[in-house]
Asks: 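Got a structure here, written out as C-alpha cells. Questions coming.
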Amino acid sequence: MRYSVIASWVTLALLTGCGGDGDPFVVGSSKVVNRMSPVESGFQTFKSRDHSVSALSQGDRQTREIRSSKYVYENPELGASNAITFESVDVETGESETAPSPTVVSVVDLNTQYAAINMKNVTITANGQKQRGSYTLIQNKQSGDLYPLIEDGNAIYKTVVAEHEAWMTSARFSNVADESRIYMRHGDGKSLHVAELVNGQFEISPIFNDYFRNNWVLPSGDVITLPWDASELTWKEKATGKTFTHAFDNSANTLPFIYEDVLYYANLTSGAVYQLTTNGENIGVGTTEWSANGYQTDANAMSVRRGDYEMTSDCSVYKFDSENKRISRVHHADLQGGVASAAGQNSLYCVRKTGTDDNGLPSIARFDITTQRVDNIEATSGSVLNAGERFVVVSDEEVMFYQYPNGSFSEYYVNVETGLTSEKVTSAMSVIKMQTVQLTN
C-alpha cells in the first residue's frame with residue numbers, strides 16, 4: 001500500500017503550491033471578490049450551471065432557468081439548484097455589491113467549515129494590496145466569506161490533480177479533528193503544513209519537513225505523528241510548542257485513531273482500547289471502557305468517517321457504538337481488493353477491484369449511514385487505477401473519477417441509485433463537487 005502512495009507522490013512532486021498568477025500593481029476598476037453564496041443543507045453539489053454530461057444530466061436540464069450565475073449549488077434528489085453569486089464587501093463599512101463571477105477551476109471540500117476554491121480572473125486583497133489573477137481562495141461555507149491562501153507573504157494558487165495528495169480533507173481522511181485550521185501536503189517534499197486564519201487571510205506554515213509519516217490532528221491543533229520507519233509517536237503541542245515522544249508497537253496495536261475528538265488505539269489481540277493523552281510533560285496511556293471486535297485501521301490512515309460509521313480503503317465498515325462502548329465491523333473487506341475510500345454527507349464510498357488488473361473496470365461500493373444499506377455498482381467504463389487516484393464525490397448518489405488530465409481525457413460518472421455510468425470526454429476538468437455541511441440536530 002505504501003508503494004502506491006510513494007509512486008503517487010513522485011508523480012505529483014511538481015504539483016505544489018505556487019505564487020498566484022497575478023499582478024499586485026494592477027488595481028483598475030475590478031471589484032475585489034471576498035464573499036460568495038454560502039452552502040445550504042441539501043443544495044450541496046457545486047457545479048458549473050451548464051454541466052450536462054453526467055448520470056444526473058436530466059436533473060440538470062430541469063434547472064436551466066437559473067441564468068443569473070455561472071455556477072449553482074444543486075440538490076440532485078429534487079432536481080433543483082440555487083444560483084451562486086459573488087460579492088465585493090467593504091471591510092470597513094460592511095456594505096456589499098455584486099461582483100463579476102470569476103472562473104472557478106476546481107473545488108476541494110476540506111471539512112464541514114471550509115472549502116478551497118481555485119479561481120482565475122479574480123481580484124483579491126492580500127496584505128492590504130489589491131491584485132488580480134489566479135488564486136486559491138478559502139471559502140467559509142457557512143458565511144460565504146472568502147480568504148486568500150498566503151505563503152511567504154504572497155497569495156498563491158495551489159495546483160491540484162489528486163486532492164488526497166495535496167489536502168488533508170474529511171472527504172478522504174478521518175484523522176484531522178481540527179476544523180478551525182486547514183491542513184495540507186505542501187512544498188517540494190509534500191510534507192504536512194497548516195494554514196491559519198490571520199487578519200483575513202490563511203497563512204501557511206510547515207509542521208514537518210518530510211512526507212513519510214502518518215499524522216493525527218486534535219481540535220486543539222496538537223499534532224501526533226508516527227513516521228513510517230519508526231516505532232515512536234511524537235506529540236507536538238500547539239499551545240506551548242513542546243514535543244513529547246512515546247514508544248509505540250504498531251505490530252501489536254492498531255494505528256491511533258480519533259473518535260469524538262479523543263485519540264485512541266486498540267490492541268489487536270485483546271481488543272482493548274486505550275486513550276492517548278498528554279499532561280504537559282509526557283504522553284500518557286490510559287485504559288477505557290471501549291472494546292474493539294476485529295477493528296483494523298487503514299495502513300496509511302486513509303479511512304473516512306461519517307457519524308458513527310467508518311470505512312477503510314479495503315471497503316470494511318465499522319460502527320462506533322458510544323452507548324455500549326464497542327467498535328464492531330458491520331461490513332467486511334472486499335475480497336477482490338479495496339483501493340480507496342471517500343465520503344459524502346451521509347455516504348461512505350469505496351473503490352473496488354473487479355479483477356486483479358488495476359486497468360480493469362472498477363466497482364463502487366456505497367454505505368449509506370442513514371439506512372446502513374450497502375450498494376455495489378460496477379462501472380461500465382474507466383479503470384481501477386484512475387478511480388483510486390482521482391475520485392470525486394458528486395453527491396450521496398453519484399461519484400466521478402477521471403483520467404490524468406493531460407490533453408483530451410475522460411471523466412466517468414457513476415450513479416449508485418440507477419447503476420448508470422456516463423463518460424465525458426473533455427480537455428478541462430469539470431467543476432463539480434459535493435460540499436459537506438455541519439448538520440444540526
Side-chain angles (χ1 to χ4, degrees), residues 33-89 96 98-120 122 136-147 160 163 167 169-171 179 306 342-347 349 370 391-400 411 413 415-417 422 424 428-440:
V33 175
N34 52 15
R35 183 181 293 169
M36 62 183 291
S37 302
V39 184
E40 297 180 13
S41 178
F43 292 81
Q44 294 172 233
T45 298
F46 187 117
K47 60 181 284 187
S48 299
R49 180 175 55 79
D50 58 359
H51 180 83
S52 60
V53 182
S54 102
L56 292 178
S57 58
Q58 179 63 38
D60 182 65
R61 285 194 292 270
Q62 294 172 355
T63 60
R64 294 297 173 83
E65 69 273 13
I66 303 178
R67 296 293 181 182
S68 61
S69 66
K70 291 171 63 175
Y71 307 99
V72 296
Y73 293 126
E74 184 183 58
N75 184 319
E77 293 183 5
L78 298 179
S81 299
N82 290 338
I84 296 176
T85 59
F86 295 86
E87 297 179 56
S88 181
V89 182
S96 64
T98 301
S101 176
T103 300
V104 175
V105 178
S106 65
V107 178
V108 176
D109 190 56
L110 300 172
N111 51 45
T112 61
Q113 179 81 5
Y114 294 112
I117 305 180
N118 280 356
M119 299 184 186
K120 292 183 178 180
V122 63
T136 298
L137 298 183
I138 305 301
Q139 178 200 25
N140 182 315
K141 292 185 286 185
Q142 297 174 10
S143 67
D145 291 337
L146 296 168
Y147 309 100
V160 175
E163 70 176 51
W167 299 96
T169 74
S170 64
E179 296 208 341
R306 291 292 183 261
Q345 183 72 49
N346 294 306
S347 55
Y349 290 104
T370 63
F391 191 81
V392 176
V393 176
V394 175
S395 70
D396 281 332
E397 298 179 349
E398 185 183 30
V399 298
M400 184 264 277
E411 297 173 338
Y413 295 81
N415 187 293
V416 180
E417 293 292 328
S422 299
K424 176 182 179 179
M429 289 174 56
S430 295
V431 179
I432 188 164
K433 176 65 64 68
M434 185 176 201
Q435 292 186 278
T436 54
V437 296
Q438 183 67 53
L439 299 178
T440 56

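Please read all numbers here as calculations on a predicted model, not as lab measurements.
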Asks: Will you find, in the side chains of Gln438 and Gln113, an N or O donor that is under 3.5 Å from an N or O acceptor?
Replies: no

Asks: Which heavy atom in Glu411 sits nearest to a heavy atom in Ala428, and how many Å separate them?
Replies: OE2-O, 4.2 Å

Asks: Regarding Asn346 and Thr370, is there a side-chain donor-to-acceptor distance under 3.5 Å anywhere?
Replies: no

Asks: Would you call Arg49 and Glu74 a salt bridge, using N to O less than 4.0 angstrom?
Replies: no

Asks: At what distance, to the nearest 0.5 angstrom, does CG of Asn415 lie from CE of Met400?
Replies: 14.0 Å

Asks: Just verifying a value: how many Å separate Tyr73 OH and Lys47 NZ, rounded to the nearest 0.5 Å?
Replies: 14.0 Å

Asks: Kindly give the heavy-atom pair with the smallest separation between Ala116 and Ile138, and that separation in Å.
Replies: CB-CD1, 3.9 Å

Asks: Is there a side-chain contact (heavy atoms from CB on, under 4.5 Å) between Tyr147 and Asn34? Walk through the geometry before answering.
Replies: CA-CA 7 Å; Tyr147 309 100; Asn34 52 15; over 6 Å; no

Asks: Please give me the minimum heavy-atom distance between Ser170 and Asn111, naming the atom from each residue.
Replies: OG-CA, 3.4 Å

Asks: Taking all non-hydrogen atoms of both residues, which atom of Ser88 and which atom of Ala99 are closest, and how far apart?
Replies: N-CB, 4.0 Å

Asks: Quick one: salt bridge (charged side-chain N to carboxylate O under 4.0 Å, His left out) pairs with a partner in residues 107-117, sequence neighbours left out?
Replies: Asp109-Lys141

Asks: Less than 4.5 Å apart, side chain to side chain, heavy atoms only: is that true for Leu146 and Val33?
Replies: yes

Asks: Please list, chain by chain and in numerical order, all residues satisfying salt bridge (Lys or Arg N to Asp or Glu O under 4.0 Å) with Arg35, sequence neighbours excluded.
Replies: Asp145

Asks: Taking atom types as modelled and ignoring hydrogens, do the side chains of Thr436 and Gln345 form a donor-acceptor contact shorter than 3.5 angstrom?
Replies: no

Asks: Would you say the side chain of Leu137 lies within less than 4.5 Å of the side chain of Val122, judging by non-hydrogen atoms?
Replies: yes

Asks: Looking at Pro100, Ser48, Ser101, which one forms a side-chain contact (heavy atoms from CB on, under 4.5 Å) with Lys70?
Replies: Ser101

Asks: Measure the acute angle between the ring planes of Phe86 and Tyr71, then classify it against the limits of 30° and 60° as parallel, tilted or perpendicular.
Replies: perpendicular

Asks: For the OH atom of Tyr114 and the CD atom of Gln142, what is their distance to the nearest 0.5 Å?
Replies: 8.5 Å

Asks: How long is the gap from CD1 on Ile117 to NZ on Lys433, to the nearest 0.5 Å?
Replies: 10.5 Å

Asks: Compare every heavy atom of Met36 with every heavy atom of Phe46, then report the nearest pair and how far apart it is.
Replies: CE1-CE, 3.7 Å

Asks: Could you point out which residue of Ile84, Asn82, Thr45, Val437 forms a side-chain contact (heavy atoms from CB on, under 4.5 Å) with Val39?
Replies: Val437

Asks: What's the shortest heavy-atom distance between Met119 and Pro102, and which atoms?
Replies: SD-CG, 3.5 Å

Asks: Does a donor on one side chain and an acceptor on the other come within less than 3.5 Å for Ser37 and Thr85?
Replies: yes

Asks: In Å and rounded to the nearest 0.5 Å, what is the CD to OG distance from Glu417 to Ser395?
Replies: 9.0 Å

Asks: Let me confirm one number: the OG1-CG distance from Thr169 to Leu110, rounded to the nearest 0.5 Å.
Replies: 7.0 Å

Asks: Applying salt bridge (Lys or Arg N to Asp or Glu O under 4.0 Å), can you list everything that pairs with Glu179, at least two apart in sequence or on another chain?
Replies: none

